[in-house]
Structure formats: C-alpha cells, structure tokens
Amino acid sequence: MHASAAYIASVSHASSLEPNFINSSQVHLDMAVSTFNNLVPPSESISTADVLDSKPKQRLLSQKIEEAGFSSLIQESSTAAKARLRAVSQPQAHAWLRATPSPSLGLAPEVEIGCNFGCKDRMRPADVLVHNWSLSRPAAFDLKVINPLNSDSILEASMIPGSTAEKGERDKHLKNDGPCNERGWSCIPLVVEAYGGWGQEAVSMFARLSKLLSLRQRQSCSAALNELYCHLSVVLMRQNAQALLAHAAGAR
C-alpha cells in the first residue's frame, strides 16, 4: 500500500541530486503517482509536476493513504465496528505494542488501597491518595476502565473518539467531587477505555508525572512518558486477556 509513497518520495528527492535521473524514471514515477491517487480522495490527489516541485516526504504521503483507508473503513463499518476503530485509533491505545520486555511489567494492581484515607466505609472517593500534589493540596486519583461498546455509549463512541472516557470523567466528578472537597482533596479521575485510550485528565496527570520521573530516573520527559504509557498499556491488555479467559471458562 505504501510502495507508491516510498517510490514518489525517493525519486523526487533523487532528482534534485541528479537532474538526469528523472529521464529514466519518468514512466515509473507516473505509474506511482497514478497508484497513489487511486488510494486517496480526489482532494488529496497529486501530479508528477507537483511531486518534482514540492518533493514530498514519504511520511506525509503515507499519512494521507492511511487517513483515506481509515475513512473508508469507518464508512463501511457497523456502529459497533466504528466505535471500536475510533477507540483503538486514540493516542497511546497501542502503547503495549511498543513496550520493551521488562521484569517490572509483571507487576499489576490487584486491590484498591483507598481504605486507609480516613474513610470509615467502602464508599471511598479514590483509589490512590497523593499528598502535596498541587499547592500542598492532596490529590485523590480514582481509576476506572470503561468499555466504549457499552449500550449507553456505543453510538457516541462511533462518532467521537474518546467520548466514553470523557463521560467516565464527568461521572467520577459527579460522584466524588463532594466527598473529596469535604476532605480538602482534589478529585482527579484516571479513566481509560478498554482499548487503551486515556481521558484528558489522565493525560495531563501523566504529563506532569513524567517530568517528576525524568528527574528521578535521569532520562528525558518523553522517554519517561513513553515508558509510563507502555507499562500501563501492558497491564491493561493483560487484565483484558484475563477477563476474557475467565469469561470463556465460566461459559463452558
């Protein structure tokens, strides 16, 4: 699929180094341009003259092909399939695929640890409490995994990527803002869709946390953030797999 993009980029850049190179490659370049235009909508089509003049990068051409393919899939899919495609296309949803093998990835949360926060019952407003998170105010982090294919969210999820996580954040605030304010805490919901896309409040929190981790681990912020997302993504996908296996075993 991306062969035409690769050839167009290579020949156009080579022609600037050796002007006579295009004479022997003109026919093949025209064919590559035609193939590329068949993969993208008319508004994104190009001409051989445009290619030789602008010398586009392969990444840009490939991105246009991928966007056209994704748009075609969306148009041809059912509501459930649309919701699933939009969910897995969110930033960091595929972080588990780029995770490097590490012993630390064997660790996964198994129990909530919120019962020592002064709460006298199980209706606690958080899973993890962090003291002095912002302006000496503690932050109550409340984790929730939510499925965009649920009946109450699937229609919106099929049209708006990340809408299910956004709804989960609103629900957490409605439920926990009151109890958190009574204790002088900030409520920060950490909502992730089952396919790996995080809510915006979690994204903001991870960005801040990565800065602290980068200082502690003596690495760049981007490296710390990537490692954080990879570890969380692996844990999520492992728990998804275990849930599916448990459901399959119970159905026998």
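Values below: all heavy atoms of this structure, side chains included; hydrogens, waters and symmetry mates excluded.
- If you take CE on M205 and CZ on F141, they are separated by 4.5 Å, rounding to the nearest 0.5 Å.
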Atom pairs and distances, donor-acceptor, side-chain atoms in residues 128-139, under 3.5 Å, two or more places apart:
| from | atom 1 | to | atom 2 | distance (Å) |
| --- | --- | --- | --- | --- |
| R137 | NE | S186 | OG | 2.8 |
| R137 | NH2 | N181 | OD1 | 3.4 |
| R137 | NH2 | W185 | O | 2.7 |

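- In this structure, the side chains of S214 and S220 stay at 4.5 Å or more apart for every pair of heavy atoms.
- Judged by distance alone, the side chain of S10 and the main-chain N or O of Y7 form no donor-acceptor pair under 3.5 Å.
- With hydrogens and angles ignored, the 3.5 Å screen pairs a side-chain donor or acceptor of R183 with a backbone N or O of P179.
- With rounding to the nearest 0.5 angstrom, the CD atom of E66 is 13.5 Å from the OG atom of S71.
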Please test R86 against I74 for side-chain contact (heavy atoms from CB on, under 4.5 Å), starting from the C-alpha separation and ending with a verdict. CA-CA 8 Å; R86 294 195 187 280; I74 288 292; 3.5 Å; yes
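- Among residue pairs with one or both ends in residues 36-58, those qualifying as salt bridge (charged side-chain N to carboxylate O under 4.0 Å, His left out) are E44-K64; sequence neighbours excluded.
- Taking CG of N176 as the reference point, atom CD1 of I188 lies at 12.0 Å (rounded to 0.5 Å).
- Side-chain N/O atoms of H13 and Q58 include no donor and acceptor closer than 3.5 Å.
- Looking only at atom types and distance, the side chain of E169 has no donor-acceptor partner in the side chain of Q200 under 3.5 Å away.
- With hydrogens and angles ignored, the 3.5 Å screen pairs a side-chain donor or acceptor of N38 with a backbone N or O of S34.
- Side-chain contact between L155 and S158 is present, with heavy atoms from C-beta onward closer than 4.5 Å.
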Passes side-chain contact (heavy atoms from CB on, under 4.5 Å), E201 versus H173? Steps please. CA-CA 11 Å; E201 292 193 57; H173 278 298; 2.7 Å; yes
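- Nearest heavy atom pair, residue Q92 against residue S233, reads O-OG, 4.4 Å.
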Decide side-chain contact (heavy atoms from CB on, under 4.5 Å) for Q26 and T48; before the verdict, give the C-alpha distance in whole Å, the side-chain angles of both, and the deciding distance to 0.1 Å. CA-CA 9 Å; Q26 183 73 50; T48 302; 3.4 Å; yes
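- A donor-acceptor pair under 3.5 Å is formed between the side chain of N147 and the backbone N or O of L149.
- Note: W96 CH2 to L232 CG = 15.0 Å, rounded to the nearest 0.5 Å.
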side-chain contact (heavy atoms from CB on, under 4.5 Å), that's the test. Do V33 and S47 meet it? Break it down for me. CA-CA 7 Å; V33 168; S47 67; 5.6 Å; no
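- Looking only at distances, no side-chain donor or acceptor of D142 sits under 3.5 Å from a matching main-chain atom of K172.
- Smallest separation of non-hydrogen atoms from G197 and A93: N-CB, 4.0 Å.
- Around CE of M159, the count of heavy atoms belonging to other residues, nucleotides or ligands within 6.0 Å exceeds 12.
- Pairing each heavy atom of A95 with each of Y229, the nearest pair is CB-O, 3.7 Å.
- Both V203 and V145 belong to a common hydrophobic cluster when Ile, Leu, Val, Met, Phe, Trp and Tyr are linked at side-chain heavy-atom distances under 4.5 angstrom.
- Of all the heavy atoms in I154 and A80, the pair that sits closest is CD1-CA, 3.6 Å.
- To the nearest 0.5 Å, atoms OG (S204) and CG (L209) are separated by 12.5 Å.
- We find that K167 and D171 are joined by a salt bridge, their nearest charged nitrogen and carboxylate oxygen being less than 4.0 Å apart.
- At a threshold of 4.5 Å between side-chain heavy atoms, the hydrophobic network of Ile, Leu, Val, Met, Phe, Trp and Tyr places Y195 and F206 in two separate groups.
- Here the shortest heavy-atom pairing between L39 and S4 reads CD1-OG, 4.2 Å.
- Between I46 atom CD1 and I8 atom CD1 the span is 4.0 Å, to the nearest 0.5 Å.
- The side-chain heavy atoms of I146 and V191, taken from C-beta on, include a pair separated by under 4.5 Å.
- Between A5 and I65 the shortest heavy-atom distance is CB-CD1, 4.1 Å.
- K144 has its side chain out of reach of P189: every pair of non-hydrogen atoms, C-beta onward, lies at least 4.5 Å apart.
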